Amino acid sequence: MLADTASEMSFNPDFAQQELLADTFRRPGTRMMPAERISDWLVGLGFIAAASAAWACAPPHGFALAPAVICMGLMVVATLVRFDTPFGFTVATQLAFVPLLFALPLALVAPAVVLALALARLPEVWSGRVRWERLAQVVGNSWFAIGPVAVFVIADTKPQDAGAGLLLLALAAQFTVDFAASTVRLWIARDAPLASQLNDLWVYGIDAALSGIALVVAEQIQRTPAAPLALLPLLALLAIFARERRDRLESLIELNNAYRGTALVLGDVVEADDRYTGEHSRGVVAMSLEVGRRLGLDAARQRNLEFGALLHDVGKIAISKEIINKPGTLNEEEWMIIKTHTVEGQKLLDTVGGFMRDVGLIVRSHHERWDGRGYPDGLAGEDIPLEARIIACCDTWNAMRTDRSYRRAIPFELAIAELEGISGSQLDPRITASVIEVVRAEALERSGRTDAARVEPAARRTGV
């Protein structure tokens, strides 16, 4: 079963999945976005319609109370065994759901699942860890019950009387309906494409594996009502694994946050040490990220690009301010000292560790040239890290367009011409073209805002 939303998960989550996990951990305590509300209403109303149809086609009849109560209790316990995924969580309810199918009339199965999921979530709502409005999500989370109920209702067969073929069909219907409902919710609430959700299928493999032992227990319910209690030790074991997994994921997210915090502190240190260098670095960040998006960098490389752009001049804190702020031309010795800032920056980031080592490689290479005449390693062409080539181009543009201690900023069109003039020698031609597209688009947007500001007072005067 998929709960809250579908999942895209591996046992060793990559950076993009870690970002989604961090957002998922925060989400229960936040207000629901309009898209989430719409998705929950649509999926919830569909569930109510399907459950009502099952009730109309197979009205409930008398049933044994003891096994039903035991299975409901087991369902609540199973719902608490939660494995976190980037888009929500998956729970070990299959162990309890199969016996519940055998213990209750078919018309009552779907409402019972909703009740069990709600009871399991109420403590989180009361404690404030989950906002009360998210309690309504349990209706959409219960779609997995509709598939098998529909199969047995259409076949006019009780689960305990079904053959192997019908039981397999019911299991397939459970997975299909659950995945379809989860996919619709994610598509509406988070604009998640179907392709990204196909990785969910590992969840159904686990449910299929648990179905066998759950079926054995379910078939004993009529003779031994307490049989479902035999599943409690297995649920306890799964709960231990789930807790260990959550602790590991939380530690991983905290570690990444620590690296991120360290990078931001270093950025503040650079700005405090030399305001121009700090402001220049922040100016390079936004442009670099836009170029990176246009070039299709994945989440991890976008992160490295962001911090590479922010910290590309961090090595300058090891260089004398007299040299950094010298108004005239540097002599040869001073120039050689300045050139060490790329290597010094890498050394500093290497001491931080983690993904900052990758950022350090970018920082080291951001003064390499496309033609191989840069420093410190004389790399050329695509041997230079792509992120470093992006930063080099954005760095060049930003430097030309800002006032320096020894010259004024270069006019926009002249800076464009300068950039095009060094494309193919100093700068990567493809990235240069992308940077020019970005700066022209930004200039056009600023021009549009200026025109609008000029028109607005006249509009007010005419009463528009």
Side-chain angles (χ1 to χ4, degrees), residues 1 3 40-79 91-122 135-178 180-181 207 210-211 214-229 231:
M1 168 199 163
D40 285 332
W41 271 102
L42 290 177
V43 174
L45 289 174
F47 175 87
I48 292 172
S52 300
W55 187 293
C57 294
H61 51 75
F63 60 93
L65 185 61
V69 171
I70 291 173
C71 288
M72 274 291 294
L74 189 68
M75 190 73 180
V76 173
V77 173
T79 302
V91 286
T93 51
Q94 193 70 3
L95 285 172
F97 175 63
V98 177
L100 191 67
L101 264 174
F102 281 65
L104 285 175
L106 291 172
L108 296 180
V109 171
V113 168
V114 172
L115 178 60
L117 267 59
L119 290 173
R121 194 129 207 200
L122 275 178
L135 192 60
Q137 292 179 324
V138 300
V139 178
N141 290 343
S142 303
W143 260 102
F144 70 95
I146 295 297
V149 167
V151 168
F152 292 127
V153 168
I154 293 172
D156 194 22
T157 303
K158 295 180 180 179
Q160 51 266 37
D161 298 330
L166 192 60
L167 290 172
L168 288 174
L169 181 60
L171 186 64
Q174 176 186 341
F175 296 164
T176 301
V177 171
D178 181 53
D207 279 347
L210 295 176
S211 296
L215 180 61
V216 170
V217 170
E219 290 176 338
Q220 304 301 315
I221 286 179
Q222 302 304 320
R223 293 188 296 273
T224 311
L229 297 177
L231 296 170

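Because the structure is predicted, anything quoted here is derived from the model rather than measured.
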With rounding to the nearest 0.5 Å, note down the distance linking [atom1] in [X] to [atom2] in [Y].
X: Leu210; Y: Leu231; atom1: CG; atom2: CG; result: 9.5 Å
X: Trp55; Y: Leu108; atom1: CH2; atom2: CG; result: 5.0 Å
X: Asp161; Y: Phe102; atom1: CG; atom2: CZ; result: 9.0 Å
X: Met75; Y: Met72; atom1: CE; atom2: CE; result: 8.5 Å
X: Leu95; Y: Leu74; atom1: CG; atom2: CG; result: 7.5 Å
X: Leu45; Y: Asp40; atom1: CG; atom2: CG; result: 10.5 Å

Original post:
Taking it one step at a time, do Phe152 and Leu167 satisfy side chain to side chain contact (heavy atoms under 4.5 Å, CB included)?
Top reply: CA-CA 9 Å; Phe152 292 127; Leu167 290 172; 3.9 Å; yes

Does [X] reach the side chain of [Y], with side-chain heavy atoms less than 4.5 Å apart?
X: Cys71; Y: Leu104; answer: no
X: Val149; Y: Leu101; answer: yes
X: Gln174; Y: Val98; answer: no
X: Pro159; Y: Leu106; answer: yes

Shortest non-hydrogen separation from [X] to [Y] and the atoms involved:
X: Leu229; Y: Ile70; answer: CD2-CG2, 3.9 Å
X: Ala58; Y: Ala107; answer: O-CB, 3.2 Å
X: Ala96; Y: Pro99; answer: O-CD, 3.2 Å
X: Val113; Y: Ala145; answer: CG2-CB, 4.0 Å
X: Val43; Y: Trp143; answer: O-NE1, 2.9 Å
X: Leu100; Y: Val109; answer: O-CG2, 4.3 Å

**OP:** State whether the number of non-hydrogen atoms from other residues, nucleotides or ligands found under 6.0 Å of Asp156 atom CG is greater than 12.
**Re:** no

**OP:** Could you check Val139 against Leu117 for side chain to side chain contact (heavy atoms under 4.5 Å, CB included), going step by step and ending with a plain yes or no?
**Re:** CA-CA 8 Å; Val139 178; Leu117 267 59; over 6 Å; no

